[in-house]
There are 2 protein chains.
Amino acid sequence: MAHAVTLEALRVLEAIEQFGSFAAAADALYKVPSALTYTMKKLEEDLGVSLFDRSRQRAVLTPAGRLVLDKGRTILDAAARLEDSVKQLESGWEPKLRIARDTALPELPLLTVVGAFLAQNRPVQISLSEEAIAGAWDALQDDRVDLVVGASGDLPKGRFHTRPIGELEFVFTVAPTHPLALTEGPITAAQLREHPSIVVADSTKILPQRDSGLFESRQVLRVDNMMSKVQALCLGLGVGYLPRHFVDHEVMSGRLVIRECELPRQNHMSYIAWRKDDPGRGLSWFIEALAAQDWQLLKAE
Amino acid sequence: MAHAVTLEALRVLEAIEQFGSFAAAADALYKVPSALTYTMKKLEEDLGVSLFDRSRQRAVLTPAGRLVLDKGRTILDAAARLEDSVKQLESGWEPKLRIARDTALPELPLLTVVGAFLAQNRPVQISLSEEAIAGAWDALQDDRVDLVVGASGDLPKGRFHTRPIGELEFVFTVAPTHPLALTEGPITAAQLREHPSIVVADSTKILPQRDSGLFESRQVLRVDNMMSKVQALCLGLGVGYLPRHFVDHEVMSGRLVIRECELPRQNHMSYIAWRKDDPGRGLSWFIEALAAQDWQLLKAE
DNA sequence: GGTAGTATTTCAAAAATATTGAAGGCCAAT
DNA sequence: ATTGGCCTTCAATATTTTTGAAATACTACC
């Protein structure tokens, strides 16, 4: 057979893995188990590999099966997106719009904009997700999202369009109960090393951990989003820089104090970014709306 | 119908576009034209769009058809690679290995290594291509190649493994007949502006042109590889920096002269780079062989 | 350790889908 | 106008997929 794999076979494979058995998958697909057996047998035969270990009752994926499943998923994804693109071509509205927010940005402004969009009752499904550090770029890169809010850092421009939305300002904070809350003068690098620091880890799965807090601390606690970092700081588990807009409220309520630190953290420009495909009407609307939104950052330009 | 597209339909679509007509595609696919009509009709029906404009004798793609074709191609590609990965899983040898060389690197060392590989008679098809500037990274990114030799510049590390192979040294050259060949002292920025410069353009399709020669010249001639640049320089069409190893031979034969220039061009480190998938035995072999090869660069480290 | 229950496969029959070839229409070039 | 090439339609045919019943094998539970 010239070409082994079919989307149908990949779908069946995915369902089997997802539902845990041929029988369950057959139910979900409104088919009969033997139909799945047939499809999988054929795929195995055509690929010349066995995809399942059938030595026991419950069929379990072989490494080859896992490989085909993993790569197959991205193919199925791409196929689904193809269908979406076609729909977009008709109305101009994309059926789905996936938006990621960098964890350093406040959630409220985004939700406000999303609310305004939903009120228009467009045929566009919105998905929101949160990314940290380079994760936002990666998500865009890998076509896991269509629009990123708050991406920053060394931007892999070129394949993306970007638009600055403001500058993130970081302040060094500790809990009022923390030893470093009471010391005199700016906190030194030496003092820092004496205390754990809280760091938001890169949400990228692929990257070797690259951290946002850069100082070398005796111990580092990694969390995967900014709210966790705020919590950890408030509890006095460690010290670290926070975006200013996160801090104000906590300082007011006495849960955190701002200190000066010898190792300053650069401000960085925050962007919205999207892929250089032709944007649907939904994406275009969001770009404008998000750019006009107040993100509680230092003014852009 | 739940899911419209099938790989088979995409293949047919691609063949029709490639061979220019239903009839020719049918021939190529060893089918009869009406079979293709049937497949395409079904795809159109399922997608709810017409893919061909049939108002005239020869069916021609509609914009929707073009869209499906373009996106479909990458899906077909991915499917083909899936099958290759499965084969790789058995023997360890990947069926195909696509290697890109940055145009700033000499071709000979690569060909030497490739020769040594071919002599081993492995079941691996090698494809070579040439990229300029960021094109190499993009090719890797987009999965158009598996291994890049000579990538440099701000490297989007993280999702790639890299290994330095040496430092590229650039020297400013002009033809002996060129007016700037005879001036006194280092060439100034002002003098530069008086003459066209030859620039290797980014081979990336997506990026807005980003050039490797950075000075502002009155006029810029863009070429897409280093050999063209050498030719253009030898002909005295303009001036520009060249990697040293390209220059030696031309200087010996009197076709170029080296001048000093006020706007120096930084050396940059050259890398081999590959994706962080599990490498096949072919890729592993090449990584070692290429790293051990003498690239006529300044020594790495 | 037997047994009921569940999971998968096998197989032949039935259903659905794809392919074929002949016929027809239409365009374009001679 | 005529001819030849290109695409579609349609009914017949071939192929592929689905089904359900029976067979086999494993698990877990008494």
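Here is how names work: the chains are called A, B, and so on, in the same order as the sequence lines, proteins then strands, and each is numbered from 1.
- Per the geometry, CD belonging to A:Glu45 stands 14 Å off C1' belonging to C:dT9, to the nearest Å.
- The shortest side-chain heavy-atom distance between A:Val148 and A:Asp102 does not fall under the 4.5 Å cut-off.
- The pair B:Glu44-B:Lys41 does not count as a salt bridge, with every side-chain nitrogen at least 4.0 angstrom from each carboxylate oxygen.
- Note: A:Leu10 CG to A:Leu69 CG = 8.5 Å, rounded to the nearest 0.5 Å.
- At a non-hydrogen distance threshold of 4.0 Å, nothing from residues 64-72 of chain A comes into contact with DNA chain D.
- A salt bridge does not link B:Arg122 with B:Glu94: every distance from a Lys NZ or Arg NE/NH1/NH2 to an Asp or Glu carboxylate oxygen is 4.0 Å or more.
- Put simply, CG on B:Leu43 is 15 Å from P on C:dT17, counting in whole angstrom units.
- By the 30° and 60° cut-offs, the orientation of the rings of A:Phe117 relative to A:Phe286 is tilted.
- Within the 4.0 angstrom heavy-atom criterion, base atoms lie near B:Ala35.
- Ion pair B:Lys42/B:Asp46 flagged as a salt bridge, since at least one NZ, NE, NH1 or NH2 atom sits closer than 4.0 Å to an Asp/Glu carboxylate oxygen.
- Toward the 5' end of DNA chain D, the nearer of the two residues B:Ile16 and A:Arg58, judged by each one's closest nucleotide, is B:Ile16.
- Rounded to whole angstrom, the span from the CG atom of B:Asp27 across to the C1' atom of D:dC7 amounts to 14 Å.
- In terms of phosphate contacts, B:Arg56 brings no side-chain nitrogen or oxygen within less than 4.0 Å of OP1 or OP2 of C:dC27.
- In this structure, the CZ atom of A:Phe22 is 11 Å from the P atom of C:dT10, given to the nearest Å.
- Listed pair B:Thr6 / C:dT17 fails the phosphate criterion, with no side-chain N or O lying under 4.0 Å from OP1 or OP2.
- Atoms CG (B:Leu13) and P (D:dC7) sit 13 Å apart, rounded to a whole Å.
- C:dA18 atom C1' lies 14 Å from atom CG of B:Leu29, rounded to whole Å.
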Between the protein and nucleotides 9-11 of chain D, which nitrogen or oxygen pairs are less than 3.5 angstrom apart?
residue	atom	partner	partner atom	Å
D:dT9	OP2	B:Lys41	NZ	2.7

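- Among the heavy atoms of the strands lying under 4.0 Å from A:Ala23 are primed sugar atoms or P, OP1, OP2 only; no base atom is included.
- Nucleotide C:dA16 holds its C1' atom 20 Å from the OH atom of A:Tyr30, rounded to whole Å.
- Between the side chains of B:Thr103 and B:Glu130, at least one donor-acceptor pair of N or O atoms lies under 3.5 Å.
- Using cut-offs of 30° and 60° for the angle between ring planes, the A:Trp274 and A:His161 rings count as tilted.
- Side-chain N or O atoms of B:Arg144 include none that pairs as donor or acceptor with a backbone N or O of B:Arg98 at under 3.5 Å.
- Toward the 5′ end of DNA chain D lies the nearest nucleotide of B:Gly20, the other residue of the pair B:Gly20 and A:Arg54 mapping further downstream.
- One interatomic measurement links the two molecules: CD of B:Glu8 to P of D:dT15, which rounds to 16 Å at whole-angstrom precision.
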